[in-house]
*Asks:* 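First the structure, then my questions, so here it is.
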Amino acid sequence: MATTTEELRIAEIPTDVEIDPVTLDIIEGALKSARYEMDATLFRSAMSPVIREQHDEFPMITDPRGRMVVGQFGAYINEMMEAWEHGIYEGDVILTSDPFKCSASISHTNDWLILVPIFHSGELVGWSSQFGHMMDAGGRLPGSLPTNAKTIYDEGLIIPPIKVIERGEVQQPVLDLIFNNMRMPAMNRADMFALIAGCRAGEKRVQELCDRFGKETYLAACQALLDRTHAAMKTLINLAIPEVPHSFEDYVDDDGLGHGPFKMKLTIWREGDHAFFDWTGTDPQAMGPVNFYLSEGMFKMFIGIYLIMVNDPQILFNDGFYPLLHIILPEGCLLRPRFPSALGCRTHALARLFDVLGGALTKQAPELNTAAGYGTSPYMLYSGWGEKGDFFYAMEILYGGIPGRPIGDGMDGHSWWPLFENIPTEYLEAYYPMRIDGYTTVTDSGGPGLHRGGNGVEKRYVYLEPGEVSIHDDRWLTRPWGVLGGLPGARSEKILRRVDGSEERLPSKCDEIEVEPGDMLIYRTAGGGGWKDRLDRPVEAVVRDVAFGLVSPAYAKEGYGVVINADGSADEAATEAERERQRAERGDALFFDFGPPLEEVLANCKAETGLEPPVPATPLKWSALEDGADAQRRVREKDNLPGDIVTAP
């Protein structure tokens with residue numbers, strides 16, 4: 001903020017104010033409530049089903065230094081403000097959709113990020129921010145998510161950080177320029193102002209806390225909350241992160257252009273209370289849009305979410321623990337692509353990141369971690385022109401199998417993001433020319449284990465108007481792995497059944513698939529991997545799964561060694577014998593079970609999936625991959641943590 005230092009008064013965080021536990025708990029509770037009020041305000045005000053119904057949005061409230069105190073996506077403000085030269089005033093609202101200009105806190109151009117400064121008594125006391133997925137951001141295809149994009153310029157309008165409201169005045173020429181590039185400007189406008197309303201709700205609650213407790217007390221409480229999370233995460237880091245480096249790798253299946261698989265490799269280790277997460281060994285960035293421009297702050301939040309949810313869900317998510325984590329991302333790799341890389345299908349790498357992180361952590365504390373989940377964010381997009389000449393565009397995010405976990409079975413057909421919801425069938429059928437013929441789980445798709453992996457979902461869309469369909473998905477080639485004796489989950493598949501009865505298998509990433517009235521898309525997502533020995537699963541649990549249609553009688557025997565009678569009960573004697581036979585045949589249970597080796601998977605791809613296997617990608621000439629040692633050296637220097645360069649085992 002080079003031009004605002006004399007005009008902008010940033011509140012100092014006091015170091016001499018004592019906060020009693022009761023006051024701290026009240027302020028913490030109020031901030032949590034404010035964060036959820038931001039959500040509620042947005043949901044009631046937004047127009048698009050992706051935000052209003054599915055809740056694809058993320059809020060944040062920060063302190064004056066831009067550190068997230070409560071929220072969901074981690075701070076980015078200091079990085080974005082480094083090049084900001086337009087002043088910050090009370091009543092301002094800043095908008096951006098450029099991942100490369102906000103430290104990757106948003107990951108593609110469909111995410112519109114709103115930033116509102118919070119003032120009290122003339123001083124900046126924090127920021128309120130929220131971003132949400134816009135159903136369309138302009139560009140060549142409806143939805144702005146072409147699976148064959150090669151640069152971000154193919155993915156719609158790229159909005160740099162710009163004021164859409166200045167000192168309370170709407171900047172109409174700016175909005176006219178933006179909305180003139182959208183297919184559904186009324187929807188974009190409604191969603192943008194709903195995001196602003198959500199941020200205003202957060203701003204108001206912070207100002208009320210400053211009025212009630214005094215600005216100094218409020219700011220001291222923010223620091224205390226950050227310090228408390230910092231202390232708690234120190235304990236978790238020492239519990240979960242090994243001193244000896246551990247590595248794990250998994251794959252994104254393809255990039256939408258026929259290249260792949262793309263390896264994602266993570267090495268973790270601890271030096272005292274500090275943890276290192278090194279992505280050296282990850283493949284170079286893709287030509288296609290599966291690159292995920294990973295924000296260091298975002299990944300630190302992901303690590304915190306994983307460690308906190310597995311070990312102590314009562315810990316408050318905030319930036320307090322960020323100084324304890326050090327992220328090494330070689331420039332030019334799949335997770336640190338250079339501008340102007342395409343990013344539209346980034347959710348496959350984003351979700352796979354959790355699988356890789358969990359796999360690396362499992363080696364230190366196997367009893368505390370999970371198998372792999374469905375590992376992507378499946379999209380279905382349908383657009384066209386209705387019989388009255390009106391343009392329609394539907395988008396839905398589907399879910400899949402959550403992995404088997406230490407506390408129990410993985411959830412069936414659930415989102416990786418806990419607050420996401422499905423779009424009601426009634427909504428889809430009321431607003432779009434489609435009929436939902438069925439919505440169920442995919443029987444047998446969850447990986448067997450002591451705790452079963454969740455089943456994927458099958459959704460059957462019947463299209464009622466001519467149009468075009470796009471699909472984004474993954475895990476059609478590799479399987480969601482099982483752990484500690486659990487088996488992998490099933491892969492995803494897409495089948496287009498034409499009205500004449502003919503069928504064709506569709507790739508996991510495709511655009512402009514023409515459909516006619518009566519055509520049906522059968523969309524099946526992947527299951528989750530199983531956790532611990534499948535042959536130790538209680539027989540009564542398997543009987544229940546069969547009764548509920550989650551597991552077939554045949555797979556009960558094959559996957560769990562449980563023999564089911566014709567009346568649905570278990571044959572105990574036959575089950576005991578079958579389990580003994582399978583144990584003897586299997587030998588020791590695998591620590592990780594990926595299914596067949598990758599070479600075999602590729603060799604059998606056409607026969608098993610009906611699709612051609614991907615071919616290895618050629619590194620891009622314009623984006624050389626940074627050496628991993630150089631990347632680690634850069635991070636150590638930036639974070640002031642000297643030490644020897646650590647290499648992956």
*Asks:* What heavy-atom pair brings Ser107 and Phe292 nearest, and what distance separates the two atoms?
*Replies:*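 Closest pair (atom of Ser107, atom of Phe292, distance): CB-CE1, 3.7 Å.
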
*Asks:* Check the angle between the aromatic planes of His108 and His133 and answer parallel, tilted or perpendicular using the 30° and 60° thresholds.
*Replies:*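 The rings of His108 and His133 sit tilted, inter-plane angle from 30° to 60°.
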
*Asks:* Roughly how far apart are Ser415 OG and Ile397 CD1, rounded to 0.5 Å?
*Replies:*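 Going from the OG atom of Ser415 to the CD1 atom of Ile397 covers 8.0 Å.
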
*Asks:* For the residue pair Glu53 and Pro424, establish whether any side-chain heavy-atom pair is separated by less than 4.5 Å.
*Replies:*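 Glu53 reaches Pro424 side chain to side chain.
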
*Asks:* With the side chain counted from C-beta on, respond yes when Arg35 and Gln72 share a heavy-atom pair under 4.5 Å apart, and no when they do not.
*Replies:*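 Side-chain contact under 4.5 Å: yes.
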
*Asks:* Of all the heavy-atom pairs spanning Gln54 and Val50, show the shortest one and how long it is.
*Replies:*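 That closest heavy-atom pairing would be CB-O, 3.3 Å.
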
*Asks:* Which pair of non-hydrogen atoms, one from Tyr89 and one from Pro117, has the smallest distance, and what is that distance?
*Replies:*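 Smallest interatomic distance, heavy atoms only, reads O-CG, 3.7 Å.
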
*Asks:* Quick one: closest heavy-atom pair of Ala221 and Leu24, and the distance?
*Replies:*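 For Ala221 and Leu24, the tightest heavy-atom pair comes out as O-CD1, 3.6 Å.
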
*Asks:* Between Asn318 and Thr229, is any side-chain donor less than 3.5 angstrom from a side-chain acceptor?
*Replies:*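 Thr229 and Asn318 do have a side-chain donor-acceptor pair below 3.5 Å.
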
*Asks:* Could you check whether any side-chain N or O of Asp20 sits under 3.5 Å from a backbone N or O of Thr23, counting only pairs where one atom can act as donor and the other as acceptor?
*Replies:*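 A pair under 3.5 Å: yes.
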
*Asks:* Testing Trp279, Phe354, Trp481, Phe277 one by one against Phe248 for a ring pair (Phe, Tyr, Trp, His ring centres under 6.0 Å), which residue passes?
*Replies:*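 Single ring pair (Phe, Tyr, Trp, His ring centres under 6.0 Å) partner of Phe248 among Trp279, Phe354, Trp481, Phe277: Trp481.
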
*Asks:* Supply the atom-to-atom distance Leu195 CG to Leu115 CG, rounded to the nearest 0.5 angstrom.
*Replies:*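 Spacing of CG (Leu195) from CG (Leu115) equals 12.0 Å.
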
*Asks:* Take Glu166 and Val174 through the test side-chain contact (heavy atoms from CB on, under 4.5 Å) and record every step on the way to the result.
*Replies:* CA-CA 11 Å; Glu166 183 166 24; Val174 173; over 6 Å; no

*Asks:* Output all residues satisfying side-chain hydrogen bond (donor to acceptor under 3.5 Å, both in side chains) with His120, sequence neighbours left out; order by chain, then residue number.
*Replies:*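 Here the qualifying residues are Asp211.
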
*Asks:* What heavy-atom pair brings Leu236 and Leu307 nearest, and what distance separates the two atoms?
*Replies:*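 So the two residues come closest at CD1-O, 3.8 Å.
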
*Asks:* Side chains of Tyr374 and Val457: does their closest heavy-atom pair fall under 4.5 Å?
*Replies:*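 Side-chain contact under 4.5 Å: no.
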
*Asks:* At their closest point, which heavy atom of Pro337 faces which heavy atom of Leu343, and how far apart are they?
*Replies:*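 Minimum heavy-atom contact is CG-CD2, 4.0 Å.
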
*Asks:* Kindly say whether Ser103 contributes a backbone atom to a donor-acceptor pair with the side chain of Glu79 at under 3.5 angstrom?
*Replies:*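 No, because the side chain of Glu79 does not come within donor-acceptor range (under 3.5 Å) of the backbone of Ser103.
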
*Asks:* Evaluate the criterion salt bridge (charged side-chain N to carboxylate O under 4.0 Å, His left out) for residue pair Arg65 and Asp319; output intermediate values, then yes/no.
*Replies:* CA-CA 11 Å; Arg65 299 178 186 173; Asp319 284 10; over 6 Å; no

*Asks:* Please evaluate residues Ile308 and Met233 with respect to the criterion side-chain contact (heavy atoms from CB on, under 4.5 Å), reporting the C-alpha separation (whole Å), side-chain torsions for both, the decisive distance (0.1 Å), and the verdict.
*Replies:* CA-CA 8 Å; Ile308 287 170; Met233 284 297 291; 3.9 Å; yes

*Asks:* Between Glu396 and Tyr427, do the side chains contain a donor N or O and an acceptor N or O under 3.5 Å apart?
*Replies:*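 No, no side-chain donor-acceptor contact under 3.5 Å.
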
*Asks:* With side-chain contact (heavy atoms from CB on, under 4.5 Å) as the test, would you mind laying out the steps for Trp112 and Ile178 before giving the verdict?
*Replies:* CA-CA 12 Å; Trp112 285 17; Ile178 292 171; 3.6 Å; yes

*Asks:* Please state whether the rings of His472 and Tyr379 are parallel, tilted or perpendicular, taking 30° and 60° as the class boundaries.
*Replies:*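 Aromatic pair His472/Tyr379 classed parallel.
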
*Asks:* Without swapping roles, check the side chain of Thr109 against the backbone of Ser97 for a donor-acceptor pair under 3.5 Å.
*Replies:*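 Absent.
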
*Asks:* Can you tell me how far apart CZ (Phe131) and OG1 (Thr96) are? Round to the nearest 0.5 Å.
*Replies:*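 Between atom CZ of Phe131 and atom OG1 of Thr96 there are 12.0 Å.
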
